[in-house]
Enquirer: 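I'd like to ask you about the structure that follows.
Atoms considered below: every heavy atom in the structure, side chains included; atoms not considered: hydrogens, waters and symmetry mates. In what follows, chains carry the letters A, B, and so on, assigned in the order in which the sequence lines appear, proteins first and then strands, with residues in each chain numbered from 1. Worth saying up front: this structure is predicted, and the values here are computed from it rather than measured.
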Amino acid sequence: MRSITLIDVNSFYASCERVFNPRLEGIPVVVLSNNDGIPIAMNALAKALGITMSTPWFKLKGFAKQYGIVALSSNYPLYADMSNRVMSILSQYSPDQEIYSIDECFLDLTGFNRNLVDYAQDMRSRIKQWTGLPVCVGVGASKTLAKLANHIAKKRPEYNGVCNLNDFEPERLNKILSEIHISSVWSIGRRLVPRLNALGIKTVLDLKNSDPEYMRQQFSVVMEKTIRELNGTACIELEEVAPRKKQILSSRSFGQPVYDLQSLSESVTLYISRACEKLRKQKSYAITITVYIRTSPFSIEEQYSKTRTVSLPAPSDDTRHFASVGLWILKSIYKSGFNYQKAGIMLSNIVPAEGQQTDLFGFKQSISKQDNLMIVLDEINTKMGKQCIRIASQGYKQPWAMKQELKSKSFTTKWDELIETN
DNA sequence: TCTGGGGTCCTAGGACCC
DNA sequence: TCTGGGGTCCTAGGACCC
């Protein structure tokens, strides 16, 4: 039997903030999304007050003030840095690690000849000691079971932060699965719950006992895998090397109303350069670029939203190629007189960088020169800070940039904001 | 539980082609 | 002019995740 392990930081963003500001201890804290739109993380105290994600912050402000809730804008450089520390500590516990998200990773502990609960407790205390962050650990025979075990470790204090479902006798396992709702299962989202309920499937045990082939017909192959995984067959392998993305999206809501083509052009150029950086990082080329702009779906004013896709004559990873095409698309879909709320771009038709051909007219001509320019650009920006060198059409003032009124400092990643210890 | 953020993958349906 | 088959591309939107 496999021993797949999922480690997850509790209320990650809120915990990071608390590490650098101990005064937040004992106070309800929420961390807000970009543009201070909605809560995306909160500590236990805020949860206990009944705050839910996806309620717009402006609707919660009054309530928050009344109960002394501290709200913070999200500080991604800080969280990314803390994440790297946690992941590097955990990598010492197994040669097989998959970093699944900013605050979660899988470790394969199959064949480890020792008590895994003790081992997991050791991880917890080391991470706590070295970073100040609390984590929970779940172990199971598949990724889906490891996720579920982690859920149990988090929700039930008697487990003290670690749950190994592989240690359970079958009856005990089924009993606990019968007490958990299907919405807690990985891959079962909001839309699937009512459809499953209609089939009489309400608890994890119900789902585990359903017929995988029939469920595949009714739903999809993903559902079949989930059921087999709940039954202890690992169908989803650990991905130690992140698979190449098939599409790369970059989009953002604006911090203030945007009407003019100039501002939209600047933002679209910025998103394109971000997406191309990601593209080059995974050593791929893309052929197709999509640009979209839209007004706020919540606005009572007249709405406008438009998407347009164009393919290059040959695959490329050059920011300037995509920027010139992207700006052309933008011009073609832009209509004046609307209050734009969001713009985004997507790169698709992604192919590996190795062995690319040029088109008939040599669009990807003098490859070495162009590639070197982008490599140097990436290197400088890595060393000297994001956007140190950029395409001129990104603009410098960026009045449309997102709103972050409540941000904490970049304690670990900016020299002038390092934490003071006096 | 109905939505205000960002990202990835997938697919239905229309337009257009041979 | 209508009908049918097969395929590709694009747009819009659904579904899931954190």
Enquirer: Please state whether the phosphate of B:dG6, meaning OP1 or OP2, lies under 4.0 angstrom from any side-chain nitrogen or oxygen of A:N34.
Expert: yes

Enquirer: Quick one: on DNA chain B, does A:K278 or A:F58 contact a more 5' nucleotide (nearest heavy atom)?
Expert: A:F58

Enquirer: What is the distance, rounded to the nearest whole Å, between atom CD of A:E239 and atom P of B:dT8?
Expert: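 It is 14 Å, rounded to the nearest whole Å.
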
Enquirer: Have a look at A:W57 and say if it touches a base, only the backbone sugar-phosphate, or nothing, with a 4.0 Å heavy-atom cut-off.
Expert: nothing

Enquirer: Could you check which of C:dC10, C:dC18, C:dA15 has an atom nearest any side-chain atom of A:E104?
Expert: C:dC18

Enquirer: Classify the nucleic acid contact of A:I38 as base, sugar-phosphate or nothing, counting any heavy atom under 4.0 Å across all strands shown.
Expert: base

Enquirer: I need the A:L45 CG to A:E25 CD distance, nearest 0.5 Å.
Expert: 9.0 Å

Enquirer: Is the shortest side-chain N/O distance from A:S296 to OP1 or OP2 of B:dG4 below 4.0 Å?
Expert: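 Checking A:S296 against B:dG4: no side-chain N or O falls below 4.0 Å of OP1 or OP2.
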
Enquirer: When you measure from the side chain of A:Q247, which nucleotide among C:dC18, C:dC10, B:dT8 comes out closest?
Expert: B:dT8

Enquirer: Looking at A:F106, does the NZ or CZ of A:K143 lie under 6.0 angstrom from its six-membered ring centre and within 45 degrees of the ring axis?
Expert: yes

Enquirer: Starting at CD1 of A:I7, measure out to CD of A:E104 and round the result to the nearest 0.5 Å.
Expert: 10.0 Å

Enquirer: Rounded to the nearest Å, what distance is computed from the OH atom of residue A:Y292 to the P atom of nucleotide C:dA12?
Expert: 12 Å

Enquirer: Would one find a side-chain N or O of A:S251 under 4.0 angstrom from OP1 or OP2 of B:dG7?
Expert: yes

Enquirer: For A:I188, answer base if it contacts any base atom (sugar-phosphate contacts may also be present), sugar-phosphate if it contacts only those atoms, and nothing otherwise; contact means non-hydrogen atoms under 4.0 Å.
Expert: sugar-phosphate

Enquirer: Which nucleotide, if any, forms a Watson-Crick or G-U wobble pair with B:dC18, using both distances under 3.5 Å?
Expert: C:dG5

Enquirer: Could you give the NZ-to-P distance, from A:K225 to C:dC17, as a whole number of Å?
Expert: 15 Å

Enquirer: At 4.0 Å (heavy atoms only), tell me whether A:S250 reaches a base, stays on the sugar-phosphate, or touches nothing.
Expert: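 Sugar-phosphate contact only.
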
Enquirer: Quick one: is A:K147 getting a side-chain N or O under 4.0 Å of the C:dC18 phosphate, OP1 or OP2?
Expert: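 Affirmative; the distance criterion is met.
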
Enquirer: Give the rounded distance in Å between these two atoms: NZ of A:K59 and P of B:dT1.
Expert: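 Going from A:K59 (NZ) to B:dT1 (P), I get 16 Å.
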
Enquirer: Could you check how far OH of A:Y304 sits from P of C:dT11, rounded to whole Å?
Expert: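 Atom OH in A:Y304 sits about 12 Å away from atom P in C:dT11.
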
Enquirer: Phosphate oxygens OP1/OP2 of C:dA12: is one of them under 4.0 Å from a side-chain N or O of A:T307?
Expert: yes

Enquirer: Taking the minimum atom-to-atom distance to the side chain of A:S54, which one of C:dC16, B:dG5, B:dG4 wins?
Expert: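 It is B:dG4.
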
Enquirer: Over how many whole Å does the gap from A:K154 atom NZ to C:dC18 atom C1' extend?
Expert: 11 Å

Enquirer: Does a side-chain N or O of A:R252 approach OP1 or OP2 of B:dG6 to a distance below 4.0 Å, or not?
Expert: yes

Enquirer: Of the options B:dT8, C:dC16, C:dT11, whose atoms approach the side-chain atoms of A:L249 most closely?
Expert: B:dT8

Enquirer: Stepwise, does the ring pair (Phe, Tyr, Trp, His ring centres under 6.0 Å) test hold for A:Y119 with A:Y93?
Expert: CA-CA 9 Å; A:Y119 198 49; A:Y93 283 86; 5.2 Å; yes

Enquirer: At 4.0 Å (heavy atoms only), tell me whether A:L192 reaches a base, stays on the sugar-phosphate, or touches nothing.
Expert: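 Sugar-phosphate, no base atom in range.
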
Enquirer: Figure out the CG/C1' separation between A:L196 and C:dA15, and round it to whole Å.
Expert: 13 Å

Enquirer: Could you state the atom-to-atom distance from CD1 of A:I345 to P of B:dT8 in whole Å?
Expert: 10 Å

Enquirer: Yes or no on ring pair (Phe, Tyr, Trp, His ring centres under 6.0 Å) for A:Y271 and A:F322, after CA distance, side-chain angles and deciding distance?
Expert: CA-CA 10 Å; A:Y271 307 151; A:F322 287 107; over 10 Å; no

Enquirer: Taking only N and O in the side chain of A:K246, is any of them less than 4.0 Å away from OP1 or OP2 of B:dC10?
Expert: yes

Enquirer: Considering only atom C1', compute the distance from C:dG13 to B:dT3 and round it to an integer number of Å.
Expert: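 These two C1' atoms come out 16 Å apart once rounded.
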
Enquirer: Can you measure from OG (A:S210) to CZ (A:F219) and round to the nearest 0.5 angstrom?
Expert: 9.0 Å

Enquirer: Assign each of A:K245 and A:T55 to its nearest nucleotide of DNA chain B by heavy atoms, then name whichever residue's nucleotide is nearer the 5' end.
Expert: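 Taking each residue's closest nucleotide, the earlier one in sequence belongs to A:T55.
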
Enquirer: Starting the side chain at C-beta, find the nucleotide from B:dT3, B:dG5, C:dT11 nearest to A:F298.
Expert: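 So the nucleotide nearest the side chain must be B:dT3.
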
Enquirer: Between the side chains of A:K225 and A:E229, is the shortest nitrogen-to-carboxylate-oxygen separation below 4.0 Å, so that they form an ion pair?
Expert: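 Salt bridge absent between A:E229 and A:K225.
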
Enquirer: Ignoring backbone atoms, test whether A:S253 places a side-chain nitrogen or oxygen under 4.0 Å from the OP1 or OP2 oxygen of B:dG6.
Expert: yes

